[in-house]
2 protein chains.
Amino acid sequence: MDGFVATFTNRLDGKGRVSVPAPFRAVMAREGHEGVYCYPALDQPAIDGGGQKLQQAIGERLSVFETFSEEHEILSTAFYGESRVLKIDGDGRIVLPDEFREHAGISDSAVFVGQGYKFQIWEPGQFAERQRQARAHLRSVTRSLSSKNPAGGDA
Amino acid sequence: MDGFVATFTNRLDGKGRVSVPAPFRAVMAREGHEGVYCYPALDQPAIDGGGQKLQQAIGERLSVFETFSEEHEILSTAFYGESRVLKIDGDGRIVLPDEFREHAGISDSAVFVGQGYKFQIWEPGQFAERQRQARAHLRSVTRSLSSKNPAGGDA
DNA sequence: TGGACTATCATGGGATGGTATGGGTGTCCA
DNA sequence: TGGACACCCATACCATCCCATGATAGTCCA
């Protein structure tokens, strides 16, 4: 299997460190990347994270625009300016910067949610709520599609 | 590979010195560049800065025009005339020339914003506004592209 | 089958080095 | 001679590194 799969809940210690789930570290190690590429999720109180592939994908989206165009300028401000490359220490932990913790409302524990090519980091309570909504939504969609069910997204 | 990423806010001391964020210095060192190549951003109250890659990008931009054409003259004068190579002292600091500080409205602290191949230096208040714009813009662009999944499905 | 041993992983804390920041001094030139 | 500038030193804080502890799962052997 490749890609980020399953969810893990880990605690932050007094220094603001969290262990990145070992399976996720393995995925990033396979991509050959030091550090976790992260940025605040656009429409959710969560942090998007990933490795080489994620960073590359974002770079490619920007490369569509002319280098000095206003479009490129403003998008690179949003993408790169809000991104961070978090270093993984010898024990597999990262330090979540304050901006990220505020954006996600994370205080003393964090949920790592695999999403294939990337993963997300949530505050446990908000993730539970979001998951309830997602299930409800999936249920209604599934009903409306009746038998045409693609392997229901979440694990 | 990975260029300038993340944002940092640093203070100017009484002599007008600011620390260039260590990760940015590392990027320029990797590019094999002494000093910071800088010029006032064309359409924004900010300073563009970077290393080898930025100089190269500007060179390519100018090379579009015939060497002795009027456009080339005007553009190269505008770019190079306002450019500076700021020396980095032993502690990783630069001195922002008055023209730059005026252009960006910088007084006692400055925000360094990574933009991949270059970075920008802003006055904190003005940057906050710019960042709002950038986020809003990114959101609208992302929505319109939302069917195109970055990093194609899985990794 | 059950129990002990082991490997992996999450977590906590101390120690250390890097980084940002402030200040001092010497030098060169207008 | 004064000011801009380069170079040097001091310090507080924070990130990183290293080691110790606990918990869990998996394995091996009696």
Side-chain angles (χ1 to χ4, degrees), chain A residues 1 4-30 33-38 47 49 83-102 106-114 119 121-124 127, chain B residues 2 4-30 33-36 38 47 49 84-102 106-114 119 121-124 127:
Chain A
M1 69 148 188
F4 302 101
V5 174
T7 77
F8 305 86
T9 303
N10 289 339
R11 294 170 46 82
L12 278 74
D13 66 14
K15 302 180 184 178
R17 297 178 297 186
V18 228
S19 290
V20 176
F24 288 10
R25 299 202 303 263
V27 173
M28 289 185 285
R30 236 174 291 142
H33 194 251
E34 289 300 306
V36 186
Y37 186 74
C38 291
I47 306 304
S83 296
R84 297 270 182 137
V85 179
L86 305 182
K87 203 177 272 177
I88 300 184
D89 71 17
D91 301 315
R93 288 179 287 194
I94 56 176
V95 177
L96 287 179
D98 287 341
E99 315 91 76
F100 285 4
R101 291 174 59 169
E102 280 168 23
I106 291 170
S107 60
D108 63 356
S109 60
V111 183
F112 290 76
V113 186
F119 60 85
I121 308 174
W122 286 76
E123 187 277 328
F127 176 65
Chain B
D2 61 331
F4 302 101
V5 172
T7 78
F8 305 86
T9 302
N10 288 340
R11 295 169 48 83
L12 279 73
D13 65 15
K15 303 178 185 178
R17 298 177 297 185
V18 229
S19 291
V20 176
F24 288 10
R25 298 202 304 264
V27 171
M28 290 185 284
R30 231 176 296 143
H33 200 256
E34 290 295 309
V36 186
C38 290
I47 307 304
R84 297 289 148 81
V85 177
L86 305 182
K87 189 171 183 179
I88 300 183
D89 73 16
D91 299 317
R93 288 180 286 197
I94 56 176
V95 176
L96 288 179
D98 287 341
E99 317 91 76
F100 286 3
R101 290 174 60 168
E102 280 167 23
I106 291 170
S107 60
D108 64 354
S109 60
V111 182
F112 290 76
V113 188
F119 60 85
I121 308 175
W122 286 77
E123 186 277 326
F127 175 66

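A, B, ... follow the sequence lines: proteins, then strands. Residue 1 opens every chain.
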> Separation of B:Asp108 atom CG from C:dG22 atom C1', in whole Å?
Replying inline: 15 Å
> Does the base of D:dT16 carry an N or O that pairs as donor and acceptor with the side chain of A:Lys15 under 3.5 Å?
Replying inline: yes
> A:Leu96 has an atom CG; how far is it from atom P of D:dA15, in whole Å?
Replying inline: 12 Å
>> Side chains of A:Arg101 and A:Leu12, heavy atoms from C-beta outward: is any pair under 4.5 Å?
In response: yes
> For A:Phe24 and C:dC9, what is the distance between atoms CZ and P respectively, to the nearest whole Å?
Replying inline: 14 Å
> Of the nucleotides C:dG23, C:dG13, D:dA6, which one has an atom closest to the side chain of A:Arg17?
Replying inline: C:dG13
> Starting at CZ of B:Arg93 and ending at P of C:dG23, how long is that distance when rounded to a whole Å?
Replying inline: 11 Å
>> Do B:Pro21 and B:Phe119 make a side-chain contact, defined as non-hydrogen atoms from C-beta onward lying under 4.5 Å apart?
In response: no
> When only distance counts, do a donor and an acceptor, one from the side chain of A:Asp91 and one from the base of D:dC19, lie under 3.5 Å apart?
Replying inline: yes
>> Check for me whether the distance between the ring centres of A:Phe4 and A:Phe24 falls short of 6.0 Å.
In response: yes
> Between C:dA10 atom P and A:Asp13 atom CG, what is the distance in whole Å?
Replying inline: 13 Å
> So, B:Lys15 and B:Asp13, do they make that salt bridge, N to O below 4.0 Å?
Replying inline: no
> Rounding to a whole Å, what distance do you find between B:Phe8:CZ and C:dG18:P?
Replying inline: 18 Å
> Heavy atoms under 4.0 Å, any strand shown: does B:Asp89 hit a base, just sugar-phosphate, or nothing?
Replying inline: nothing
> Donor-acceptor pair under 3.5 Å: do we get one between A:Arg11's side chain and the base of C:dG12?
Replying inline: no
> Could you give the CD1-to-P distance, from B:Ile88 to D:dC5, as a whole number of Å?
Replying inline: 16 Å
> To the nearest angstrom, how far is A:Phe112 atom CZ from C:dA10 atom C1'?
Replying inline: 11 Å
